[in-house]
Every structure is written in C-alpha cells, then in structure tokens.
Amino acid sequence: MAETKGKVAVLAGDGIGPEVMEATLKVAEATEGSHGFRLEWKRGLVGGAAIDASGKALPEDTVELCRSSTAVLFGSVGGPKWESLPPNEQPERAALLPLRKIFGLYANLRPAVLYPELTGCSPLRPERVAGGFDVLVVRELTGGLYFGQPKETVKKGSGERAVDTMVYETHEIERVTEVAFRAAAGRKKRVTLVDKANVLESSLLWRKTVKGIAARHPGIALDFIYVDNAAMQLVRDPGRFDVLLCENLFGDILSDEAAAVAGSLGMLPSASLGLGNFGLYEPAGGSAPDIAGKGIANPIAQILSLAMMLEMSFGNRPAAESIRGAVAGAIRDGWRTADIAAPGEKCVGTREMAGEIARRVASRGAKG
Ligand code: IPM
Ligand code: MN
C-alpha cells in the first residue's frame with residue numbers, strides 16, 4: 001500500500017461547513033482505521049468565522065497552516081451575517097480567491113454525477129437522465145477574467161468605465177489541459193473544449209493550444225463546443241459529455257449548471273490543484289445558511305471531497321474507492337438526507353448519513 005502520511009489543514013468555515021466537516025472526519029477516521037494509515041488533521045479558521053475572530057477572512061496563521069500541509073479540506077464560507085461587508089472583504093472573495101492565487105491552484109475539477117437511483121432529483125425529465133450521468137468539469141482557476149489586468153473602474157465623463165480582462169498565455173492553457181486529458185484517461189476518454197472561438201481571441205489560443213496537447217494523448221478524443229451551445233446541451237443531454245474543459249468564467253457558470261442538472265448540490269465534491277501534490281478540496285454547494293445548525297445537511301459532498309483528497313494529494317486510490325463505494329452503497333440501499341429524498345421517503349440527518357458511510361468503509365476494510 002502507498003504510504004499515506006502528512007498534515008491536512010481542516011478549514012470548516014461557515015454555515016453548514018462545521019457540521020458536515022465533523023461528520024466527514026468520522027468517515028476519515030474509519031478510513032484511516034480500515035486502510036492502515038494516519039494523517040495529522042489540524043483545524044484553522046476561515047471565512048466569516050475568521051472575520052469574527054480576527055477581522056480577516058483569511059488570517060495569516062491559516063495561510064501558514066495551509067503552507068505547512070499537504071492538502072486543505074475546506075468546508076464552505078459566507079452567509080447573511082457578512083453580506084453587508086464591501087465586496088472585496090466578503091468571505092467568498094476574500095478567502096477563496098486569495099487561497100487559489102497564493103497556492104497556484106490552477107485546475108479545478110468538478111464532477112457532476114447523477115446516481116441512477118437519484119434521477120428523480122434532477123430537474124430534467126426522466127428520459128433525459130435515465131441511468132444517471134457522470135460529467136467532469138475541469139475549470140481553469142487562476143486566470144481569465146477573474147485575475148486578468150487591467151481590472152479597474154475609473155471616472156469617465158459623467159459616468160464611470162469598468163474593465164475586466166480576459167487574458168490567457170499558452171502555458172496557463174497547457175497545464176490545465178494536461179490535467180483534463182489525464183482525467184479523461186481514467187474515464188470515457190473524451191475531452192470537450194468549451195470556448196467562444198467565433199468571437200474571442202483568447203478562445204482561438206485555447207483551441208490551438210489544446211489541439212497541441214491532444215496530439216500527445218492519442219487515446220483521447222477531443223472536440224469543441226461554443227459555450228452557449230454547451231449551456232444548452234447540458235440541459236438537453238448531459239450524458240453526452242465526459243470531460244468539459246473550460247476557461248475560468250465559463251467553468252464557473254457551467255459547473256453550477258451541471259451541478260443543478262445532477263439534482264443536489266449536497267452530493268458534489270471538488271478539487272483545486274496546482275503543481276505537485278498540494279490541493280484544496282471542497283463541496284460544490286456552499287454554506288447553505290438556511291439549513292445551517294439543523295443537523296440535516298447532506299455530508300456527502302464533503303465526504304467525496306475527502307475521497308478526492310486521499311486519491312489526488314495522498315495517492316491513496318484504494319481508500320478513495322472505499323469511500324466512494326460506501327457512498328454509492330448507502331444511496332443504493334435507500335439512505336437519504338432531506339435534499340435527496342423523494343416525497344414521503346424516510347430521511348436521516350447529517351450524522352446518521354456519515355455514520356452509515358463510515359460503518360461501510362470500516363467493514364469493507366475489514367474484508368480486505
Ligand atoms: C465558485 C464560486 C467562486 C467563483 C466565488 C465565490 C468567488 O462561485 O467557487 O465557483 O466564482 O469562483
Ligand atoms: Mn461558482
């Protein structure tokens with residue numbers, strides 16, 4: 001077995017973050033037990049919780065904790081309490097964007113999976129999602145409109161002029177494209193580049209660069225789709241896609257769309273990766289302040305983020321597979337939190353769902 005050791009920065013954050021994180025750490029413990037490894041889990045403050053404690057959404061000691069860790073297991077940040085702060089100080093922007101930039105997390109993997117048993121959760125008609133689907137959005141995360149310069153608002157005449165810049169360089173496209181092709185190799189071996197090459201100069205560079213990388217991966221099929229068409233195809237026939245490779249803003253939008261089509265945000269994990277093993281792993285769903293503290297949030301997105309972390313930062317695929325198998329098994333056997341229950345179906349809370357998944361991980365390990 002690969003050696004799995006090192007430190008994990010545990011940043012639970014706000015809203016449902018703390019409760020799903022606690023539940024997930026139980027699954028982590030069961031996985032350590034059944035797969036024979038032990039990691040060092042160290043908690044830090046982030047988001048609104050950190051603003052309340054120290055005035056900053058991303059305190060320096062949290063950055064230091066992340067720097068000295070192999071991976072970050074992230075909960076979620078933000079909530080109504082901090083919504084009146086200036087945009088630049090709000091937890092989402094002031095914690096997540098700097099973390100991505102500081103740690104060079106240029107590749108964001110967002111799997112949108114609809115389990116066959118949960119097709120009723122999708123807003124799409126049953127025949128469009130029969131059998132479920134499994135789409136992976138690979139989003140460029142440190143370039144494009146989010147970070148491009150100039151980015152400013154200046155006075156102009158009697159009004160103002162605001163500019164954001166969509167800029168990409170070859171190397172930024174190459175590195176995230178490599179991630180997408182490697183991911184596709186372990187899946188259905190298809191990459192679709194989402195762009196707007198009929199209008200945008202930067203999209204032309206994406207097409208050219210991605211074609212160049214594709215030549216190094218002869219086993220993977222590559223095709224191209226305009227972003228507007230991709231948005232449409234995702235609601236017509238999500239199952240036609242395997243890996244969707246997107247620049248930053250397109251990936252932001254399409255990954256939310258793919259998540260919505262997959263039924264519940266409470267099921268979807270994500271990984272943000274840079275060079276080397278370091279990564280940040282977080283649920284796709286956000287802090288869900290409306291249900292925070294009630295013990296009813298679905299912990300699966302956080303639990304599957306743990307699985308991605310064990311696989312991608314610690315190289316322990318068997319442990320990740322155990323967790324994914326336990327989640328699929330619990331779903332198959334009818335375990336439901338409120339967000340994924342059909343009307344009248346029996347629901348369990350956050351702790352019970354995680355407890356069942358932990359139990360399954362523990363007993364799988366015992367069987368070898
Ligand atoms: C996401 C979020 C962030 C983004 C926001 C909160 C800055 O929407 O992770 O997708 O736009 O990247
Ligand atoms: Mn988003």
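In listed order, ligands and their atoms are each counted from 1.
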_Would the distance check show the side chain of Glu19 and the main-chain N or O of Gly295 forming a donor-acceptor pair, the cut-off being under 3.5 Å?_
yes
*asked:* With nothing but distance in play, are any N or O atoms of Arg100 less than 3.5 Å from an N or O of ligand 1?
replied: yes
*Heavy atoms only: give me the nearest Met308-Ala271 pair and the separation to one decimal.*
CE-CB, 3.8 Å
*Looking only at protein heavy atoms, which one is nearest to atom 7 (C) of ligand 1, and how far off is it?*
Leu97 CD2, 4.0 Å
*asked:* Please classify the Arg139 to ligand 1 contact at 4.0 Å (heavy-atom distances, strictly less than): side chain, backbone, both or neither.
replied: side chain
*Any Val72 side-chain heavy atom under 4.5 Å of Phe103 side chain*: no
*Specify the closest pair of heavy atoms between Ala231 and Glu257, including all atoms of both residues, with the distance to one decimal.*
O-OE2, 2.5 Å
*With a cut-off of under 6.0 Å to the ring centre and 45° to the axis, is Arg216 in cation-pi contact with Phe181?*
no
*List the closest protein heavy-atom neighbour of atom 1 (C) of ligand 1: residue, atom name, distance to the nearest 0.1 Å.*
Arg110 NH2, 3.4 Å
_Suppose we only allow N, O or S atoms; which atom of Asp252 ends up nearest to the Mn ion (ligand 2)?_
OD1
*Cation-pi between Lys101 and Tyr146: NZ/CZ under 6.0 Å from ring centre and within 45° of the ring axis?*
no
*Heavy-atom contacts with Asp252 under 4.0 Å: which atoms of ligand 1 show up? List them by number with element.*
1 (C), 4 (C), 8 (O), 10 (O), 11 (O)
_Protein contact of atom 4 (C) of ligand 1 - nearest heavy atom, named by residue and atom, plus distance_ = Tyr146 OH, 3.4 Å
*asked:* List ligand 1 atoms under 4.0 Å from Glu92, heavy atoms only on the residue side.
replied: 6 (C)
